[in-house]
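For reference, the structure is listed below as C-alpha cells.
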Number of protein chains: 2
Amino acid sequence: MKSKKAKPEVDSSTEEKIKNAARTIFHKKGFAATRTRDIAEEAGINLALLNYYFRSKEKLFDIIMVESMQGFLKSVSMLLNKEDNTWEEKIEMFVSSYIDFLMGNPDLPLFVLSELRSNPSALISKMNMKELLMKSHFIKQFQEEMKKGKIAPMHPLHFLMNMVSMVIFPFIGKPIVSSIGDLKEQEFVELMQQRKKLIPHWIKMMYKVK
Amino acid sequence: MKSKKAKPEVDSSTEEKIKNAARTIFHKKGFAATRTRDIAEEAGINLALLNYYFRSKEKLFDIIMVESMQGFLKSVSMLLNKEDNTWEEKIEMFVSSYIDFLMGNPDLPLFVLSELRSNPSALISKMNMKELLMKSHFIKQFQEEMKKGKIAPMHPLHFLMNMVSMVIFPFIGKPIVSSIGDLKEQEFVELMQQRKKLIPHWIKMMYKVK
DNA sequence: GTCTATATACGGATAGAC
DNA sequence: GTCTATCCGTATATAGAC
C-alpha cells in the first residue's frame, strides 16, 4: 500500500491509526455490521483516507483478519513447540499466558470464529495448522504419556479441544456468564485469574487412569 | 401477525417456511450479513411476502432470536432443575442430550453468542438466567458435595463454564478443529459421540480432592 | 496526504396489480 | 395471499480541490 520510510514514524502514523481503529471495530461487530464511516471516525480521520490507504473495506478487513488469526494461534503454537519443558509445565505456561492475552483482546476469539464461519476455507487452508499442532512436540509428549499408560488413551484432539475451550469459552460467553453469575467486571477478572491455576490442575486430574 | 386458523395448517405454511429459511440463514451468517432477499429465496417465496408476514427484517430476526435463545437454554435449565437424580447422573443426561441437540443445530451456539455481543443487555435481562441456573437444584447438589469435602471448593460458575464449554466449543470451533485434525464430517461426528461418555467421566475426575 | 462533495450500488421496504 | 416493479435510505468508493 505505502512504502516504509527509512526513518519509521511513531506507531501512530495514519496507516496505523486506521488499522488500530479497524481492529477494534471489526473485532467488536464483525465484518458485515462494521461501517467504514465508524472506522474513520474511531481513527479520527476522514472516510476518503481509508480508501486512499487500503483501497477497500475488504482489503482492510483481510489484513486485520490475517493478523488476528496469527495472534489467535501464535501463543498456542509457540508454546507447544518448545522442546525443553514437561507437558505439565507447558500447560501451565500456555494457560496463564493465553488468559493474559485474552484479557487484553477479549473480543478476538468470537471475532475469529464467527468470521471463519462465513468464510470457511479461505484463510484456514493457507496456514497449515495441522502440521503446526498435531505434529508438535507437545502432542508427541502427550502421546508418550498414553503409551506409558499414565493417561487414558484418546484422540489428541480431545485433549486440545478441552484445554483450549476451558480457556477461551469464558471470553466468548462473557455476556451470558456475567449475567448468570451477576458479575461485575472486576469479579470476572478475578475468576479468570483463578483459572490460571485451576485449569492446569483440572487437566492433570481429568486424564488420570484409575 | 396472522391469526391462527382453527384447523392449523401443516407445518409448512408460508409463515413457517419463511421462519425456517430465516433461522437457517441467520444462524449461518448472523443478522448483519443476512439479506432478506436470501431468506426469501431460501423459502421459495417472494421478497415482498416476507414483509407482508413480518413487517421488517428486525421483527423477523427478533422472533428467531428469542426462539434460538430458548432452545439454547432450555435443555440446560430443564435438566438442572430435575429433583430426582444425582448430580453425576444429571451431567450424563445433560451432556448427551445437548450434544445430540447441537448435532442438529451446529450453528446455533455461535449465532447466539455473537449476536449477544452486538446486542448485550436487550434479551438477556428478560430471561433471568441467574435465578434459573445459580439457584437450581443442580447447583445446590454441587454445593452440597463441596460442603461434604467430596469435591474441591470453588465458585459454581467454574463448574458450569467447564461443562458447557467442553460440550459447546467443538461446535463453535468446528472449522478450525476439523482443519487441525484433518477430519471428515463423519470423523467429527464420531468424536462428538465419544465425548458423550468422555466428558462426564472427565468431570467426575477433575474435581476430586487429592 | 487530507479534505469535501458526489457518484454508484445495494438492500430493505412499499405500492399496487392480480 | 402472492406477485412485479419501484422507491428510497444507507454505505462504499471515487473525483477533484487544497
Side-chain angles (χ1 to χ4, degrees), chain A residues 1-65 111 115 118-119, chain B residues 1-65 111 114-115 118-119 122:
Chain A
M1 283 321 103
K2 201 190 71 162
S3 57
K4 290 262 174 62
K5 299 267 183 61
K7 291 246 175 180
E9 296 155 341
V10 278
D11 200 39
S12 55
S13 63
T14 300
E15 195 173 344
E16 275 306 315
K17 278 196 297 187
I18 296 173
K19 272 179 60 177
N20 289 334
R23 187 175 309 111
T24 302
I25 302 196
F26 278 139
H27 280 195
K28 198 165 300 178
K29 314 215 286 183
F31 176 78
T34 294
R35 301 180 315 158
T36 50
R37 284 171 158 78
D38 294 336
I39 297 176
E41 189 187 4
E42 171 86 14
I45 52 98
N46 188 274
L47 171 59
L49 260 189
L50 189 149
N51 286 295
Y52 172 75
Y53 279 102
F54 297 96
R55 287 258 327 150
S56 77
K57 183 186 176 184
E58 267 86 2
K59 294 253 191 350
L60 175 54
F61 176 79
D62 287 343
I63 292 171
I64 300 296
M65 185 62 183
F111 167 75
E115 295 301 330
S118 330
N119 196 12
Chain B
M1 283 322 101
K2 201 191 71 164
S3 57
K4 289 257 172 69
K5 299 265 183 63
K7 292 246 176 182
E9 295 154 342
V10 279
D11 200 39
S12 56
S13 63
T14 301
E15 195 173 343
E16 275 306 314
K17 277 195 298 188
I18 296 174
K19 272 179 59 176
N20 289 334
R23 188 176 309 109
T24 302
I25 302 196
F26 278 140
H27 279 194
K28 199 165 299 180
K29 312 214 288 181
F31 176 78
T34 294
R35 302 180 314 158
T36 50
R37 284 172 161 80
D38 293 338
I39 296 176
E41 188 186 5
E42 171 85 15
I45 53 96
N46 189 274
L47 171 58
L49 261 189
L50 189 149
N51 287 294
Y52 172 74
Y53 279 103
F54 298 97
R55 289 262 321 154
S56 77
K57 183 186 177 187
E58 267 86 2
K59 294 251 188 357
L60 175 54
F61 176 80
D62 286 344
I63 292 171
I64 300 298
M65 184 64 183
F111 166 75
S114 47
E115 294 302 328
S118 330
N119 197 10

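Computed from a predicted structure; not experimentally measured. Each chain gets a letter, A, B and so on, in the order the sequences are listed, and its residues count up from 1.
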message: Going by salt bridge (charged side-chain N to carboxylate O under 4.0 Å, His left out), name the residues that satisfy it together with A:Lys57, two or more places apart in sequence or in a different chain.
response: none
message: Going by the rule salt bridge (charged side-chain N to carboxylate O under 4.0 Å, His left out), which residues pair with A:Arg35 if we only count those two or more places apart in sequence or in a different chain?
response: A:Asp38
If I take atom [atom1] in residue [X] and atom [atom2] in nucleotide [N], what distance separates them, rounded to the nearest angstrom?
| X | N | atom1 | atom2 | value |
| --- | --- | --- | --- | --- |
| A:Glu15 | C:dT2 | CD | P | 10 Å |
| B:Ile18 | C:dA13 | CD1 | C1' | 14 Å |
| A:Phe54 | C:dG1 | CZ | C1' | 14 Å |
| B:Arg55 | C:dT14 | CZ | C1' | 10 Å |
| A:Tyr52 | C:dT2 | OH | P | 8 Å |
| A:Ile45 | C:dT4 | CD1 | C1' | 14 Å |
| A:Glu16 | C:dG1 | CD | C1' | 17 Å |
| A:Leu50 | C:dT4 | CG | C1' | 16 Å |

query: Are more than 12 heavy atoms from other residues, nucleotides or ligands located less than 6.0 Å from atom NZ of A:Lys28?
result: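 Check fails, neighbour count at 12 or below.
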Counting only pairs under 3.5 Å, give me each side-chain donor-acceptor contact of residues 39-50 of chain B, with atom names and distances, residues two or more places apart or in other chains.
unit_1, atom_1, unit_2, atom_2, d
B:Asn46, OD1, B:Ala48, N, 2.8

- request: Take B:Leu49 and A:Asn46, find for each the nucleotide of DNA chain D with the closest heavy atom, and name the residue whose nucleotide sits nearer the 5' end.
  value: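 Going by which nucleotide is closer to the 5' end, it is B:Leu49.
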Calculate, to the nearest 0.5 Å, the distance between atoms [atom1] and [atom2] belonging to [X] and [Y] respectively.
| X | Y | atom1 | atom2 | value |
| --- | --- | --- | --- | --- |
| A:Leu60 | A:Lys19 | CG | NZ | 9.0 Å |
| B:Ser114 | B:His27 | OG | NE2 | 10.0 Å |
| B:Lys59 | B:Asn51 | NZ | CG | 10.5 Å |

field: Residue of the set A:Thr36, A:Ile18, A:Ile64, A:Asp62 for which side chain to side chain contact (heavy atoms under 4.5 Å, CB included) holds with A:Phe54
entry: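 Only match with A:Phe54 under side chain to side chain contact (heavy atoms under 4.5 Å, CB included): A:Ile18.
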All N/O pairs under 3.5 Å across the protein-nucleotides 10-12 of chain C interface:
unit_1, atom_1, unit_2, atom_2, d
C:dG11, OP1, B:Arg35, NH1, 3.1
C:dG11, OP2, B:Arg35, NH1, 2.7
C:dG12, OP1, B:Thr34, O, 3.3
C:dG12, OP1, B:Thr36, N, 3.4
C:dG12, OP1, B:Lys57, NZ, 3.2
C:dG12, OP2, B:Thr36, N, 2.9
C:dG12, OP2, B:Thr36, OG1, 2.7
C:dG12, N7, B:Arg37, NH1, 2.7
C:dG12, O6, B:Arg37, NH2, 3.2

- prompt: If we only count heavy atoms from C-beta on, is the A:Phe61 to A:Glu115 side-chain gap below 4.5 Å?
  reply: yes
- prompt: Is the phosphate of C:dT2, meaning OP1 or OP2, less than 4.0 Å from a side-chain N or O of A:Tyr53?
  reply: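 Yes.
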- prompt: Taking OP1 and OP2 of C:dT2, is either one under 4.0 Å from a side-chain nitrogen or oxygen of A:Thr14?
  reply: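 Checking C:dT2 against A:Thr14, a side-chain N or O does come within under 4.0 Å of OP1 or OP2.
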message: Let's test your reading of the pairing rules: Watson-Crick or G-U wobble, both distances under 3.5 Å, then write DNA chain D as a dot-bracket string with ( ), [ ], | and dots.
response: ||||||||||||||||||
